[in-house]
K.L.:
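Pasting a structure here, questions to come.
This one's a predicted model, so the numbers in the text were calculated from it and none came from an experiment. Chain identifiers are assigned alphabetically (A, B, ...) following the order of the sequence lines, protein sequences preceding nucleic acid strands; residue numbering begins at 1 within each chain.
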Protein chains: 2
Amino acid sequence: MNELSYKMFFKAISNKTRCAIIKLLMKRPGSVTEICQKSGFEQSRVSHNLKCLELCGFVNARYKGKNRLYSLHPEMSSILKAIDKHLVKYRRLSA
Amino acid sequence: MNELSYKMFFKAISNKTRCAIIKLLMKRPGSVTEICQKSGFEQSRVSHNLKCLELCGFVNARYKGKNRLYSLHPEMSSILKAIDKHLVKYRRLSA
DNA sequence: TTATCATATGATAAGATTATCATATATATA
DNA sequence: TATATATATGATAATCTTATCATATGATAA
């Protein structure tokens with residue numbers, strides 16, 4: 001196991017902005033503009049954070065007209081759901 | 001899904017010290033002293049970080065003689081392995 | 001090809017996280 | 001109970017991350 005990229009992976013989603021983006025993309029793919037509107041975050045913040053998610057293998061992107069459409073990698077959903085299940089079971093924190 | 005604890009979960013393993021501790025505990029349970037020896041990290045660093053991992057539901061602990069024995073929660077291994085598989089497949093970063 | 005909309009990027013100040021040190025608390029045994 | 005060993009905790013300086021601003025680049029349509 002490559003410890004460093006392991007760490008990168010978790011850094012990628014250990015942040016409010018990127019958590020919110022991932023949550024949105026779990027519903028459906030979206031452009032930067034759409035993500036900005038739905039999240040309320042400003043554009044450069046979203047772009048910077050999408051780049052991080054892309055580099056870490058969470059999402060990929062393709063052009064669709066003027067927009068760049070970002071999608072979650074297919075198995076990410078199931079990984080995130082497994083983690084969620086675990087959290088519900090073992091979490092000790094109220095927040 | 002609780003976004004906040006989701007974030008906490010990932011913060012927990014997005015750090016070199018805690019990654020290393022988890023890696024050790026994936027092999028077998030261990031006391032603070034053992035983790036210190038194997039990792040080379042000093043004691044208070046290990047204790048502080050184990051506490052974080054405990055709060056976030058990665059590990060639990062029980063007393064065994066003078067020592068406190070830390071173990072990884074059982075399904076963590078399988079979650080971590082699924083993530084590892086994903087990383088190998090999609091990672092774009094060399095580090 | 002230029003005007004417009006969409007997205008990306010570099011620099012940086014503000015904020016968050018970390019390791020360390022000093023010390024406190026817990027457990028076991030003599 | 002006193003001592004030794006093991007672990008936990010609080011404070012803080014150093015380090016790392018983040019959001020933001022200003023601006024650059026990319027894509028499309030007129």
K.L.:
Rounded to whole Å, please give me the gap between OH in A/Tyr63 and P in C/dA8.
P.N.:
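Spelled out: OH on A/Tyr63 to P on C/dA8 is 6 Å.
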
K.L.:
Distance check, rounded to the nearest 0.5 Å: A/Asn49 atom CG versus A/Phe41 atom CZ?
P.N.:
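It is 8.5 Å, given to the nearest 0.5 Å.
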
K.L.:
Ignoring hydrogens and angles, are the base of C/dA6 and the side chain of A/Gln43 linked by a donor-acceptor pair under 3.5 Å?
P.N.:
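Answer no: no donor N or O sits under 3.5 Å from an acceptor.
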
K.L.:
Stacking check: are the rings of B/His48 and C/dT18 less than 5.5 Å apart at their centres and under 30 degrees in tilt?
P.N.:
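No, aromatic ring not over the base.
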
K.L.:
What integer distance in Å separates B/Ile21:CD1 from C/dT18:P?
P.N.:
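Going from B/Ile21 (CD1) to C/dT18 (P), I get 12 Å.
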
K.L.:
Take the protein atom CG of B/Asn67 and the nucleotide atom C1' of D/dT5, then report the distance between them rounded to whole Å.
P.N.:
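Nearest whole value for this atom pair: 9 Å.
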
K.L.:
Touch check for B/Arg45, heavy atoms < 4.0 angstrom, all strands: base, sugar-phosphate only, or nothing?
P.N.:
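Counting heavy atoms under 4.0 Å across all strands, the contact made by B/Arg45 includes a base.
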
K.L.:
Does the side chain of A/Tyr70 get closer than 4.0 angstrom to OP1 or OP2 of C/dA6 through an N or O atom?
P.N.:
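It does not, given that no N or O in the side chain of A/Tyr70 lies less than 4.0 Å from OP1 or OP2 of C/dA6.
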
K.L.:
How many Å lie between CG on A/Leu50 and P on C/dA6, as a whole number?
P.N.:
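So the two atoms are 16 Å apart, to the nearest Å.
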
K.L.:
Looking only at side-chain atoms of A/Asn15, point me to the closest of C/dT7, D/dA8, D/dA19.
P.N.:
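Closest of the options to the side chain of A/Asn15: D/dA19.
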
K.L.:
Can you tell which of C/dT7, D/dA19, D/dA27 lies closest to the side chain of A/Arg68?
P.N.:
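Shortest atom-to-atom distance from the side chain points to C/dT7.
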
K.L.:
Find the distance between CD1 (B/Ile21) and CZ (B/Arg45) and round it off to the nearest 0.5 Å.
P.N.:
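B/Ile21 atom CD1 to B/Arg45 atom CZ measures 8.5 Å (nearest 0.5 Å).
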
K.L.:
Hey, which sits more toward the 5' end of DNA chain C by its nearest nucleotide, A/Lys11 or A/Lys66?
P.N.:
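Its nucleotide being nearer the 5' end, the pick is A/Lys66.
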
K.L.:
Could you give the NZ-to-P distance, from B/Lys51 to D/dA6, as a whole number of Å?
P.N.:
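Rounded to the whole Å, the gap is 21 Å.
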
K.L.:
For B/Ser47 and D/dT9, is the shortest distance between a side-chain N/O and OP1 or OP2 below 4.0 Å?
P.N.:
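Indeed not, no polar side-chain atom of B/Ser47 lies that close.
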
K.L.:
How about B/Thr33 and B/Gln37: does a side-chain donor come under 3.5 Å of a side-chain acceptor?
P.N.:
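Short answer, no.
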
K.L.:
Could you tell me how far apart A/Asn49 (CG) and D/dT18 (P) are, to the nearest whole angstrom?
P.N.:
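In whole Å, D/dT18 P and A/Asn49 CG are 7 Å from each other.
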
K.L.:
Look at the side chain of A/Ser44 and the base of D/dC21, then say whether one donor and one acceptor between them are separated by less than 3.5 Å.
P.N.:
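Answer yes: a donor N or O sits under 3.5 Å from an acceptor.
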
K.L.:
B/Lys16 NZ to C/dT20 C1': how many Å, rounded?
P.N.:
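To the nearest whole Å, that distance equals 14 Å.
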
K.L.:
Can you name the closest pair of heavy atoms from B/Gly57 and B/His73 and give their distance?
P.N.:
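That closest heavy-atom pairing would be O-CD2, 2.9 Å.
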
K.L.:
Mind checking who C/dA30 pairs with, Watson-Crick or G-U wobble, both distances under 3.5 Å?
P.N.:
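The answer is D/dT1, by the H-bond criterion.
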
K.L.:
Expressed in angstrom and rounded to an integer, what is the separation of B/Ile13 atom CD1 from C/dT17 atom P?
P.N.:
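My rounded result for the distance is 16 Å.
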
K.L.:
Using the closest heavy atom to pick a nucleotide of DNA chain C for each, name whichever of A/Ser31 or B/Phe41 lands nearer the 5' end.
P.N.:
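Its nearest nucleotide being more 5', the pick is A/Ser31.
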
K.L.:
Can you identify which nucleotide, out of C/dT20, D/dA27, D/dA8, has its nearest atom closest to the B/Val32 side chain?
P.N.:
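Nearest to the side chain of B/Val32 among the choices is D/dA8.
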
K.L.:
Cut-off 3.5 Å, side chains only: do A/Glu75 and A/Ser77 have a donor facing an acceptor?
P.N.:
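Checked: A/Glu75/A/Ser77 side chains show no N/O donor-acceptor pair below 3.5 Å.
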
K.L.:
Does A/Glu54 pair with A/Arg68 as a salt bridge, N-O distance under 4.0 Å?
P.N.:
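A salt bridge is present here (some side-chain N lies under 4.0 Å from a carboxylate O).
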
K.L.:
Between A/Arg18 and A/Gly65, which has a closest nucleotide on DNA chain D that is more 5'?
P.N.:
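Checking each residue's closest nucleotide, the 5'-ward one belongs to A/Arg18.
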
K.L.:
Only pairs with both distances under 3.5 Å count, Watson-Crick or wobble alike; so what is the partner of D/dT28 in this structure?
P.N.:
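C/dA3 - that is the nucleotide pairing with D/dT28, both distances being under 3.5 Å.
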
